[in-house]
Amino acid sequence: MLLSKNQIKKNALAFAKTWEGEKRERAEKDTFWNEFFEVFGVGRRRVASFEEPVKKLSGAQGFIDLFWKGQLIVEHKSRGGNLEKAYGQAIDYFPGIKDEELPRYVLVSDFERFKLYDLDNKTEHAFPLKEFQNKTHLFGFISGYEERKIVEQDPVNIKAAQLVGQLHEKLESYGFEGHQLEIYLVRLVFCLFADDAGIFEKDLLLQYIERRTNPDGSDLGMHLSKLFQVLNKPMDKRATNLDEDLQQFPYVNGGIFAETVEIPDFDAEMRQIFLACSYLDWSVISPAIFGSMFQSVMNPEERRNLGAHYTSEKNILRLIKPLFLDELYDEFEKVKGNTKQLAQFHKKLSTLKFLDPACGCGNFLVITYRELRMLELEILRVTYKKQRAIAIDQIIWVDVDQFYGIEYDEWPARIAEVALWLVDHQMNRVISQEFGEYFARLPLKKSAKIVNDNALRIDWQEVVPKSELSYILGNPPFLGHHYQSPEQKKDLKHIFVDVKGSGVLDYVSAWYVKAAQYIQQSNVEVAFVSTSSISQGEQVGLLWSELIKYKLKISFAHRTFNWSNEARSNAAVHVVIIGFGVHDKKQNAIYHYSDIKGEPTKENAKHINPYLVNAADVIIRNTSNPICDVPKMIWGNKPTDDGNFLFADEKEKEEFLIIEPNARNWVRPFLSGQNLINNNYRYCLWLKDITPNELKKLPHVIDRIEKIKRFRIDSKAEATRKKALTPTLFAQTSQPDSDYLAVPEVSSERRKYIPIAYLNSSVIASNTIQLVPNASKYHFGVLVSIMHMIWVRNVCGRLKSDFRYSNTIVYNNYPWPKDPSAKNKKKVEACAQAVLDARASFPKSSLADLYDPLTMPPVLVKAHQALDKAVDLCYRPQAFVDETARIEYLFDLYSEYTAPLFKPEKKKAKGNR
């Protein structure tokens, strides 16, 4: 085990006195370095070798004075020797060393002086022998007290995940799979970490595998299985004739090595992968890597089925800080000057309990535990700042048994248990560095409770009673209804009993209902990372109508932002974070993202509604007709034709008309939403009014019609098959006879305004355009105003982060101005025409160009600003100070318009039935 820092300093002082005045390089060099390693409690023979042969770049044979693979090269000179030259000699050996064995450090000495080079950090430290005792911290990579920051994007994290993934794939390809494989890899991960983090003596595992196993890997499985047996047996229970090398490994316990597992077969490549894993420094692996490691050993199809998206540490902190951590630090600041209150606060930390009901590999639990231990360290620093001679095991009260998880898949569930032990040891090392005494919790006595089961089918109270629990947190799987398996669809039905239309909900929504049911009559607080869809569009009405029954209060929310992870396929997901409970909080907060990949700004909120807006609770339901007296919005025309009605561009249209010239009268311009925005016209056959005799004269058109009919007949959808009876018509036909407003279904959130335009009735709009026939300039003006856009931003569904406009949610529910004066309406119409005129002055520019935030012409900007003011006056004479004021006003107006529509029916008296 590690020596205390104080003991290392004493050893260093004795070493310096022993070797003071030594001059000869050859006679005493080996002894010098053997004793140098003993200063740190490490036997040189176990980790490093003398006179390691290596080919230099010149091709000449060289011999490294001392070589510790993957860590250190030592070049030694006689007293007074040139240390710069010694460093150059050491570097000359690098071309002959395998990549995975290249060292991070170069150390040169002439007995009297040392010079240490850190090649990763590009630093060097020179000092004389007599100052050695004050420089021992530079050799943390030997002593086990290396002070390296755990960095999320450190390449070692990515490399570790990739290598473990490779090992998994090789073992599985040889038939070693399922539960046996999962248990086996968990053990390997633990041992790799233990070999670098002070649980085992430094590199004990690496040296054992390198020296005792065959290069072809044939006996690696046997040696590892024997090692697992040893780690599961107390020291006093081990055979007296046990191999001396194995006897050095400690007793671990904790159940990691208890189960009997088959012995897998390894080959030379697999042995090399394992050694490459061993050469990495696992002591600085980020706790978040365990989730990434899980992803790295799953194929893409499994990732999709399980909805496995894993957060980075940064995003986990975005959840846990407002959920509990910020409040705990505020409380710490208040009590740290009072010894009694500080002790009570410390006790409180040790009683907090956390549940992640979709824990995956335990990332949320791991980071939460680490942050709780860091706060405990702050308490200990204050409590024991004048006292260092203390029993560390008596003052650390926070432990892994405060953490609970539920996970559907076994492999990540087992990883979660081990990950918490590993981060516990990382934090114990931090404590050891702080107080100068080594501390490790071995053998393991406590563990987190991770239940391998379906969280939507079991009673969470059986995992941890809510009377004991403090917080629920995590990242439940988000899967849209198109991607859910039959079993997952059944899970949703099991949760949303008798909720009509619940089949369109995202899978994550079920965890909200389960949590809401669990926390009734308790003080438990909850926060989940979720797909942004649950606070946008049609899902709000379905999910939150159900949740409001449980009287939930949203205490904080991160509005839509982008996140990614460290796994092989770096998933980009648009998410929200929602914190809630059943009690009002003193202060609520909304975190806004002007850039979804950037940092948020915080808004203090009186009340947060289901749209994550600082406003009263409002739920926008699907409605088939506008709530105000405005023209109806309808879907555009849907071909369902396998491309046979359509021509990609002008060229393809003209090529067709060369062979079918009499079809020209039946060809019309055709626009999708994106065609409209980008001014990219396509064309289509529009045969709505063609007579049979006219059609028979067009053989190439008939050929296309036959293809459309066959395509529809072969469809799996009954509705499409019925459309085969009318193959000359689009499957959905809604083209108006008059000019109309065209609203693209999808538009970038970067634009301040959705590019809505008037189109001639001759232009056929696809089903990715919403149509408003007979729309006046007033209607156009309101729809392209900032007031309507604020409604869109808060109510509209999303495609990733882009707006996905719908008539039933956005348009039909939009609260138009209430009885605007004729004067104000005329002002809006005049300003709307000015917007159209400003657009027309740039005939070669598309709507995409005109409404790009970087290229929007000033004249168009001014026209819209004038229109915004005119529309505002239709609502009220007072100016709106910001977006929050606008949406609050609109929600209030919506409530006023719809209150009679959604008022619950009164129960009839028994006598009147």
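Taking the centre of each ring, Tyr105 and Tyr117 stay at or above the 6.0 Å mark. Aromatic rings from His76 and Phe111 are positioned such that their centres are separated by under 6.0 Å.
In this structure, Asp409 contributes its side chain and Pro412 its backbone to no donor-acceptor pair below 3.5 Å. Side-chain N or O atoms of Gln133 include none that pairs as donor or acceptor with a backbone N or O of Ala12 at under 3.5 Å. Between the side chain of Glu75 and the backbone N or O of Gln89 there is no donor-acceptor pair closer than 3.5 Å.
Glu259 and His179 share a donor-acceptor pair across their side chains, judged by distance under 3.5 Å alone. For the residue pair Asp203 and Trp68, a side-chain donor N or O sits within less than 3.5 Å of a side-chain acceptor on the partner. A donor and an acceptor atom, one from each side chain of Asn11 and Gln7, are located under 3.5 Å apart. Ser49 and Glu52 share a side-chain donor-acceptor pair at under 3.5 Å.
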For the pair Asp65 and Lys29, evaluate salt bridge (Lys or Arg N to Asp or Glu O under 4.0 Å) and give the outcome as yes or no after the intermediate values. CA-CA 9 Å; Asp65 285 345; Lys29 180 190 68 173; 3.5 Å; yes
Please step through salt bridge (Lys or Arg N to Asp or Glu O under 4.0 Å) for the pair Glu376 and Arg381, ending with a clear verdict. CA-CA 9 Å; Glu376 182 180 46; Arg381 282 171 174 158; over 6 Å; no
Determine whether Arg373 and Asp424 satisfy the following criterion, salt bridge (Lys or Arg N to Asp or Glu O under 4.0 Å), listing intermediate values before the conclusion. CA-CA 8 Å; Arg373 287 290 302 271; Asp424 177 61; 2.8 Å; yes
Between Cys361 and Asn363, is a side-chain contact (heavy atoms from CB on, under 4.5 Å) present by the stated rule, with each step listed? CA-CA 6 Å; Cys361 291; Asn363 287 13; 4.2 Å; yes
Evaluate Lys56 against Val54 for side-chain contact (heavy atoms from CB on, under 4.5 Å), listing each step before the verdict. CA-CA 6 Å; Lys56 296 185 179 181; Val54 64; 5.5 Å; no
Pair Lys69-Glu210, salt bridge (Lys or Arg N to Asp or Glu O under 4.0 Å): steps then yes or no: CA-CA 11 Å; Lys69 293 177 182 178; Glu210 274 198 322; 3.6 Å; yes
Show your working on side-chain contact (heavy atoms from CB on, under 4.5 Å) between Glu35 and Thr18 and close with a plain yes or no. CA-CA 10 Å; Glu35 293 183 6; Thr18 298; 4.2 Å; yes
Working note: Leu280 + Leu163, criterion side-chain contact (heavy atoms from CB on, under 4.5 Å); need CA distance, chi angles, decisive distance, verdict. CA-CA 10 Å; Leu280 296 174; Leu163 288 171; 3.8 Å; yes
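Across Asn82 and Lys85, no two heavy atoms sit closer than the pair OD1-N, 3.0 Å. A pairwise comparison of heavy atoms in Lys446 and Val400 identifies O-CG2, 3.6 Å as the closest pair. Contact record, Leu66 with Trp33: CD1-CB, 3.9 Å, taken as the closest heavy-atom pair. Nearest heavy-atom pair across Tyr174 and Asp267 is OH-OD2, 2.6 Å. Here the closest non-hydrogen pair linking Pro103 and Ile73 is CG-CG1, 3.8 Å. The minimum heavy-atom distance linking Arg414 with Ile450 is given by the pair NH2-O, 3.4 Å.
Stacking of Arg238 on the aromatic ring of Phe249 is not recorded, the 6.0 Å distance cut-off and the 45° axial limit not both being met.
A 4.5 Å side-chain heavy-atom check between Phe190 and Val252 finds at least one atom pair inside the cut-off. Between Arg104 and Asn121, some side-chain heavy-atom pair lies under the 4.5 Å cut-off. In this structure, the side chains of Gln71 and Tyr279 stay at 4.5 Å or more apart for every pair of heavy atoms. Residues Phe36 and Leu107 have side chains in contact (heavy-atom distance under 4.5 Å, counting atoms from C-beta outward). Side-chain atoms of Leu167 and Met270, non-hydrogen and from C-beta on, do get closer than 4.5 Å to each other. No side-chain heavy atom of Val106 sits under 4.5 Å from any side-chain heavy atom of Leu116. Annotation: side chain of Leu372 is in contact with side chain of Phe403 (closest heavy-atom distance under 4.5 Å). Within the 4.5 Å cutoff, the side chain of Ile396 has heavy atoms near those of the Asn428 side chain.
Once rounded to the nearest 0.5 Å, the distance linking CD1 of Ile379 with CD1 of Ile395 reads 11.0 Å. Note: Asp99 CG to Phe94 CZ = 11.5 Å, rounded to the nearest 0.5 Å. Atom CD in Gln248 sits 9.0 Å away from atom CG in Asp243 (nearest 0.5 Å).
Salt bridge absent: Arg44 and Glu38 never bring a charged side-chain N and a carboxylate O closer than 4.0 Å. Under the 4.0 Å criterion applied to side-chain N and carboxylate O atoms, Arg79 and Asp110 are not assigned as salt-bridge partners.
Between Phe266 and Tyr184, the ring-plane angle classifies as tilted under the 30° and 60° cut-offs. Using cut-offs of 30° and 60° for the angle between ring planes, the Phe141 and Phe139 rings count as tilted. Between Phe15 and Trp19, the angle of the ring planes lies from 30° to 60°, which puts this pair in the tilted group.
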Can you give each donor-acceptor pair under 3.5 Å made by side-chain atoms of residues 221-232, sequence neighbours left out, with the distance rounded to 0.1 Å?
{"unit_1": "His223", "atom_1": "ND1", "unit_2": "Tyr208", "atom_2": "OH", "d": "2.8"}
{"unit_1": "His223", "atom_1": "NE2", "unit_2": "Arg212", "atom_2": "O", "d": "3.1"}
{"unit_1": "Ser225", "atom_1": "OG", "unit_2": "Gly221", "atom_2": "O", "d": "3.0"}

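Test Lys115, Lys77, Arg113 against Glu84 for salt bridge (charged side-chain N to carboxylate O under 4.0 Å, His left out) and you get one pass: Lys115.
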